[in-house]
Amino acid sequence: MSNAQHNDSLLRFMTCGSVDDGKSTLIGRLLFDTKSILADTLTQMDRTSKKRGLETVDLSLLTDGLQAEREQGITIDVAYRYFSTGTRKYIIADAPGHEQYTRNMVTAASTANLAIILIDARKGVLTQTRRHSFLAHLVGIPHIVVAINKMDLVDFDQATFEKIKSDYLNFAEQIGLQRAGRDIQVVPLSALTGDMLVDRGDAMNWYEGPTMLELLESAPAAHSEQNEAFRFPVQFVCRPHASDNHDLHDFRGFMGRVESGEISVGDAVTVLPNGYTSKVKAIQLGDEKLQSAITEQSVTLLLEDEIDTSRGDMIVKSSEAPEAVKQISGMVCWLSETPLSTARTYVIRHTTRESKAKVSDIEYKVDVNSLEKLPSQGLAMNDIAKINFKLAQPLMVDSYSKNRATGAFIVIDESTNNTVGAGMII
Amino acid sequence: MTTANKKTLSHLDWLEAEAIHILREVAGQCSNPVLLFSGGKDSLCILRLAEKAFRPGRFPFPLMHIDTGHNYKEVIEFRDQRANELGERLIVRSVEDSMKRGTVVLKSDDESRNKHQSVTLLEAIEEFGFDCCIGGARRDEEKARAKERIMSFRDEFGQWDPKNQRPELWNLYNARSHKGENIRAFPISNWTEMDVWQYIERENLGLPSIYFAHQRDVVMRAGSIVPVNVPLASGEVINQPKAGEEIINMQVRFRTVGDITCTAPVISDADTITKIVLETATTTITERGATRLDDQTSDASMEQRKKEGYF
Ligand SMILES: Nc1nc2c(ncn2[C@@H]2O[C@H](COP(=O)(O)OP(=O)(O)OP(=O)(O)O)[C@@H](O)[C@H]2O)c(=O)[nH]1
Ligand SMILES: [Mg+2]
């Protein structure tokens with residue numbers, strides 16, 4: 001905490017795994033041991049713990065902030081927490097373990113660059129461990145740390161750890177989680193006592209790998225280490241129409257975020273779906289004029305030519321344009337209590353663009369336990385399936401494995417405006 | 001793990017870029033949004049972010065303040081000055097008007113008007129037909145806020161349903177609502193108090209004077225520092241000391257500047273932003289813990305207020 005003003009990189013990570021594996025406790029402990037919980041928060045947690053008849057502070061209370069969560073001792077929705085070390089700043093998402101709340105786990109996973117998957121050392125790999133691992137894989141989280149927790153309850157036994165580790169790695173290989181470019185680290189720990197989290201402790205001297213915090217401190221901050229193509233979905237067009245100001249009279253700025261790749265002044269660009277070409281005249285961030293912009297930077301682009309462009313269009317480098325398609329095929333997690341209906345029309349939002357969409361067919365549904373592909377007529381909440389959609393408007397897509405930003409979409413039900421599905425283009 | 005070689009944004013640049021993206025999504029998706037602006041530090045950061053998001057154009061939304069009538073006059077003056085400098089439209093709606101209409105009824109004359117802001121806000125939303133309110137709430141402020149989505153859906157009574165939030169995936173925000181319903185958008189959700197101060201320092205933002213150390217008459221009440229005899233812009237003086245309370249003149253500053261009746265200052269000699277950043281790095285008490293007299297009533301006061309339509 002005290003060095004917070006010196007760090008500069010940022011890592012977003014999440015905790016996931018089965019119910020009661022200790023996800024919330026792990027985060028509480030991590031923050032406690034890095035001295036990131038302030039005195040009054042601790043006093044309040046202490047008071048609540050005592051009221052519940054506990055002798056020590058229940059560290060899961062730090063993230064379980066809703067009344068219903070505290071009453072039931074479970075996590076219902078994602079909680080976000082923040083801490084910094086001298087090295088970097090962290091945004092943590094604590095996801096729920098209950099199957100019923102899987103959609104909230106997917107929310108947390110979609111923005112994480114590292115997942116800590118917890119396993120209770122007494123129980124080993126469970127259905128929900130598999131489900132969350134499969135989802136982490138599907139959502140493409142680049143770094144995975146498996147935390148075999150509650151080692152204190154198995155006498156810090158190395159053989160137990162090794163057994164679960166090899167079970168897990170077998171499973172990880174089956175689902176393709178262990179692939180080139182993604183490493184899986186396995187750490188034994190106790191969230192309750194803090195062993196191997198921030199401090200090594202002295203109960204597990206047989207383990208020679210890094211502690212949890214060491215792994216977090218050294219994980220790369222970028223989502224992808226590959227060189228990705230430049231993608232700039234237009235969010236908003238700025239036309240001040242200032243007739244009294246000569247400089248602004250013809251100003252036409254395309255505002256958006258560099259979703260991937262880089263762009264520099266002078267680069268040749270194409271605006272999709274129309275296909276007009278031009279060159280980047282200027283890049284601005286407020287009053288500042290930039291020579292170039294990198295991934296995740298929000299900027300305003302000015303082009304050499306006057307081109308009719310609006311929200312939903314995409315500016316790309318002419319040499320690496322994506323496809324504009326009216327059919328997409330993707331893995332979809334269904335997030336709504338109302339099942340998917342193949343008869344209905346939905347809205348698909350992809351980057352800043354929307355299109356009406358209909359399901360043309362459900363190729364298969366994945367049984368998360370057996371990893372079997374099963375035929376299916378419909379989809380219920382938490383189901384994962386490969387679906388083909390027909391679109392009313394073209395979308396400019398890449399495959400999700402190549403580009404997270406232009407490979408992802410959400411499905412919206414217009415009758416409720418709810419987000420009912422999360423999709424990843426294949 | 002594999003070593004990083006790709007260029008990434010520094011954490012402050014990343015937070016700034018995320019907030020700008022959220023503001024532009026609101027502008028792109030909502031037909032009649034409004035930016036809630038109190039003159040406080042969080043909303044001042046949002047104004048700077050809005051400048052970066054939309055200049056040289058005008059903001060695609062007006063600013064609005066829900067005034068309890070019990071705000072520090074330094075803050076109100078600063079609010080008006082800032083709106084003026086920016087040349088953007090400022091709407092002010094006041095809890096006192098709701099009281100006159102009879103839609104806000106205080107239990108007693110000295111009850112804090114803070115939580116009643118929800119009523120006035122909902123009335124203003126209806127009056128103008130706003131479909132989205134942009135707010136400066138941060139997830140690090142409070143445990144219920146830590147659970148809220150960046151685009152948070154409210155039903156036609158302004159209620160938040162924490163057990164049934166819309167999934168929010170990647171940065172594909174869903175700000176859709178039907179008529180009468182509302183979205184609350186929080187562009188600086190992921191900022192901490194420290195990030196806010198660092199941003200103010202980096203961007204050289206002006207602030208109301210009461211954020212800096214100054215001398216003030218206070219009393220100690222139930223462990224908190226309570227400012228007394230505070231003059232309002234109207235000339236009225238509120239927060240009289242109670243019988244038997246001893247007035248102390250102390251050097252203090254505010255970490256947050258809400259309603260006078262429920263915001264406490266902290267003892268401090270930090271009279272520059274740099275000193276405030278240092279003080280924030282070493283504080284042992286959270287922003288709300290040190291300063292909000294309204295959150296200490298129960299473990300779930302914020303969640304309760306949010307369910308009733310609060311920001
Ligand atoms: N002995 C022991 N108990 C632990 C450990 N970690 C967590 N616990 C206990 O396990 C129980 C569940 O912990 P939580 O942190 O709430 O579990 P969770 O994974 O967040 O649960 P959900 O979010 O509801 O899925 C609590 O009673 C914890 O105190 C550990 O390392 N050792
Ligand atoms: Mg939990």
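Owing to the predicted nature of the structure, the values given are computational and were not obtained by experimental measurement. Proteins get letters first, then strands, A, B, ... in listed order; numbering begins at 1 in each.
Using a distance-only test at 3.5 Å, with no hydrogens or angles considered, a donor-acceptor pair links the side chain of A:Thr107 to the main chain of B:Glu168. Distance alone, capped at 3.5 Å, is enough to place a donor-acceptor pair between the A:Arg349 side chain and the B:Tyr173 backbone. Side chain of B:His11 to main chain of A:Leu11: no donor-acceptor pair is present (N/O by atom type, distance under 3.5 Å, no hydrogens or angles). Listed for the A:Gln67 side chain is no donor-acceptor partner under 3.5 Å among the backbone atoms of B:Glu303. Distance alone, capped at 3.5 Å, is enough to place a donor-acceptor pair between the B:Lys147 side chain and the A:Asp77 backbone.
Only the side chain of A:Val347 comes within contact range of chain B, with at least one heavy atom under 4.5 Å from a heavy atom of that chain. Using a 4.5 Å cut-off between heavy atoms, A:Ser310 makes no contact with chain B at all. For B:Asn190, the parts sitting under 4.5 Å from any heavy atom of chain A are the backbone and the side chain alike. Neither the backbone nor the side chain of B:Arg48 comes within contact range of chain A; no heavy atom of the residue lies under 4.5 Å from a heavy atom of that chain. Interface residue B:Arg24: backbone and side-chain heavy atoms are both found under 4.5 Å from chain A. In this structure, chain A has a heavy atom under 4.5 Å from the backbone of B:Ala53, while its side chain stays farther away. Contacts of A:Phe251 with chain B are made by side-chain atoms alone, with heavy-atom separations under 4.5 Å and no backbone atom involved. With a 4.5 angstrom heavy-atom cutoff, A:Thr352 touches chain B only via side-chain atoms. Looking at B:Leu15, the atoms closer than 4.5 Å to chain A (heavy atoms on both sides) all sit in the side chain, from C-beta outward. The contact between A:Arg311 and chain B is made entirely by side chain atoms (from C-beta outward), counting heavy-atom distances below 4.5 Å. Only the side chain of A:Ile91 comes within contact range of chain B, with at least one heavy atom under 4.5 Å from a heavy atom of that chain. Looking at A:Val299, only its backbone comes within 4.5 Å of chain B, counting heavy atoms on both sides. Only the side chain of A:Arg12 comes within contact range of chain B, judged by heavy atoms closer than 4.5 Å. Using a 4.5 Å cut-off between heavy atoms, A:Ile294 touches chain B through its side chain atoms alone. Heavy-atom distances place no part of B:Glu201 under 4.5 Å from chain A, backbone and side chain included. Residue A:Thr416 touches chain B through its backbone alone, counting heavy-atom pairs closer than 4.5 Å. Both the backbone and the side chain of A:Glu414 come within contact range of chain B, each with at least one heavy atom under 4.5 Å from a heavy atom of that chain.
The closest side-chain heavy-atom distance from A:Met45 to B:Lys143 is not below 4.5 Å. Looking only at side-chain heavy atoms (C-beta outward), A:Met424 and B:Trp170 come within less than 4.5 Å of each other.
When all heavy atoms of B:Ala27 and A:Phe236 are compared, the closest pair comes out as CB-CE1, 3.5 Å. Between A:Ser298 and B:Ile20, the closest heavy-atom pair is CB-CG2, 3.7 Å.
Residues of residues 154-162 of chain B that come within less than 4.5 angstrom of chain A, heavy atom to heavy atom, are B:Trp160, B:Pro162 in numerical order.
Residues satisfying the salt bridge (Lys or Arg N to Asp or Glu O under 4.0 Å) test with B:Arg89, not counting sequence neighbours, are none.
The side-chain contact (heavy atoms from CB on, under 4.5 Å) test with B:His21 singles out one residue from A:Gln297, A:Glu296, A:Glu259, and that residue is A:Glu259.
Side-chain polar atoms of B:Gln165 and A:Arg103 form no donor-acceptor pair below 3.5 angstrom. Side-chain N/O atoms of A:Asn417 and B:Glu181 include no donor and acceptor closer than 3.5 Å.
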